Amino acid sequence: MVINDIKITRSIIEEYYAFTRDFLDCDVVIVGGGPAGMTAAYYTAQQGLRTVVLESRLSPGGGMWGGGMFFNQIVFQPEAGEILQELGISYTANREGYLVVPSYRAVASLILAADRAGARILNGITAEDIMVRENRVCGVVINWTAAVKLGMHVDPLCIGGKVVIDATGHDAGIVRTYLDKSGGSLPEDEEERIRTSSMWAAKGEEMVVEYTRFITEGLIACGMSVSSLFNTPRMGPIFGGMLFSGRKAAELALDYIRKVKA
Ligand code: 48F
């Protein structure tokens, strides 16, 4: 075969168009391709929901690449074994009683699991705003991360979704945009909160899952964004809570979409 430069270019453009076209108005838009967002994507796509993950960097994976202080091993509590198996992430149970996976394997397996389940992953794209109709979050405004970083005046595009999941990590950028623009506040909880972000892995892991929830109609927060919003204790380099939080966000999205459709 004689390699043809124009055909290569056309292949890229046509495939990208076909790849995104049917997902512009989808069921679930997940902002952030870290462990929480990718796990949520796996579970929503697995249930047949049209799912898009927007990741501002070129590589999804978020804070999972670096393990702990660049030692590239990811530690999970044994309870996460079931999710790891479902996601196809092979691990070693160590003598400390934890499950351990090299970070590159954890990230690569997560991406592959979400992809095989049918999620579309759009990298290099930043969600910079939200869409709201009748007090319901119904999509996000997007632009190339490069354009955002360079401060270029390029009008954005948008992606609609029945549910938007903020999996942006510490930034909690989507929820904070919603709160800024609506003048709203976080849902209050009757329960006493531990108002500290100091490291306490056991409590942090538990609370990040507990506080994974709808912030308003159509908008769920999961993963580290929950921790940042609700100021839960730092969990440090253990990742089971991110997977549990992502799975819970997917379950919430599924229930919500079923109710909207009913
Ligand atoms: O930070 P990140 O990994 O969040 P997570 O999935 O997991 C947290 C853990 O990695 C770790 C931890 C474990 O104990 O504490 O920190 O909750 O992934 C967030 C991803 O979202 C992307 C960002 O590049 C990262 O890959 N992101 C952030 N803001 C945007 C975004 C945005 N506005 N649009 C698109 N992507």
Side-chain angles (χ1 to χ4, degrees), residues 29-43 52-70 72-77 80 83 87 98 101 103 106-107 110-111 114 120-130 139-149 156-159 161 164-178 180 197-209 211-212 219-230 232-250:
V29 178
I30 298 169
V31 184
M38 295 305 284
T39 304
Y42 167 81
Y43 282 105
V52 163
V53 179
L54 302 169
E55 169 50 53
S56 59
R57 295 183 204 159
L58 278 180
S59 349
M64 224 184 197
W65 288 105
M69 218 183 95
F70 285 131
N72 66 350
Q73 297 294 321
I74 302 294
V75 172
F76 298 94
Q77 49 277 63
I83 299 192
L87 291 166
Y98 290 92
V101 186
S103 64
V107 173
L110 251 179
I111 295 171
R120 292 280 188 274
I121 301 166
L122 303 182
N123 56 346
I125 293 182
T126 293
E128 53 169 43
D129 202 349
I130 52 171
V140 293
V141 177
I142 59 168
N143 215 328
W144 297 113
T145 304
V148 175
K149 288 227 154 116
L157 298 175
C158 60
I159 294 194
V164 173
I165 298 179
D166 182 333
T168 61
H170 289 272
D171 291 356
I174 300 302
V175 171
R176 291 196 199 284
T177 299
Y178 163 74
D180 282 353
S197 55
S198 302
M199 178 108 95
W200 185 0
K203 202 72 193 164
E205 287 284 281
E206 187 189 309
M207 288 181 79
V208 81
V209 182
Y211 281 84
T212 297
L219 178 60
I220 297 170
C222 80
M224 206 59 205
S225 70
V226 170
S227 182
S228 161
L229 290 164
F230 293 98
T232 63
R234 292 186 73 157
M235 67 283 288
I238 182 159
F239 281 76
M242 296 300 127
L243 307 191
F244 289 124
S245 172
R247 183 173 69 177
K248 181 175 173 186

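Keep in mind that what you see is a predicted model, and the values were worked out from it rather than measured. Numbering of ligands and ligand atoms starts at 1, following listing order.
The part of Ile125 lying near ligand 1 is the backbone, judged by heavy-atom distances below 4.0 Å. Under 4.0 angstrom from ligand 1, the non-hydrogen atoms of Leu54 all belong to its backbone.
Residue contacts with ligand 1: Glu55 is placed with a nitrogen or oxygen under 3.5 Å of a nitrogen or oxygen of the ligand (distance criterion only). Close N/O approach between Pro35 and ligand 1 is found [any backbone or side-chain N/O within under 3.5 Å]. Note: no N/O pair closer than 3.5 Å links Cys222 and ligand 1 by distance alone. Taking only nitrogen or oxygen atoms, main chain and side chain alike, Met235 does not reach within less than 3.5 Å of ligand 1. In terms of polar-atom proximity, defined here as any N/O pair under 3.5 Å, Phe239 makes no such contact with ligand 1. Below 3.5 Å of separation, one finds an N or O of Gly236 facing an N or O of ligand 1.
When the heavy atoms of Leu110, Thr168, Thr145, Val226 are ranked by distance to atom 28 (C) of ligand 1, first place goes to Thr168. Nearest to atom 35 (C) of ligand 1 by heavy atom, out of Gly33, Ser56, Gly124, is Ser56. Between atom 1 (O) of ligand 1 and the options Gly34, Gly169, Pro237, Ala167, the minimum heavy-atom separation is to Gly169.
For the 3.5 Å distance criterion, the side chains of Ser228 and Arg176 qualify, holding a donor opposite an acceptor. With 3.5 Å as the limit, one finds a donor-acceptor pair spanning the side chains of Thr145 and Thr126.
Between the side chain of Trp65 and the backbone N or O of Pro60, at least one donor-acceptor pair lies under 3.5 Å. The main-chain N or O of Gly223 is never found under 3.5 Å from a side-chain atom of Ser227 such that the two would form a donor-acceptor pair.
At the top of the distance list for atom 33 (N) of ligand 1, counting protein heavy atoms only, stands Ala127 O, 2.9 Å.
If you number the atoms of ligand 1 from 1 as listed, the ones under 4.0 Å from a heavy atom of Val31 come out as 32 (C), 34 (N), 35 (C).
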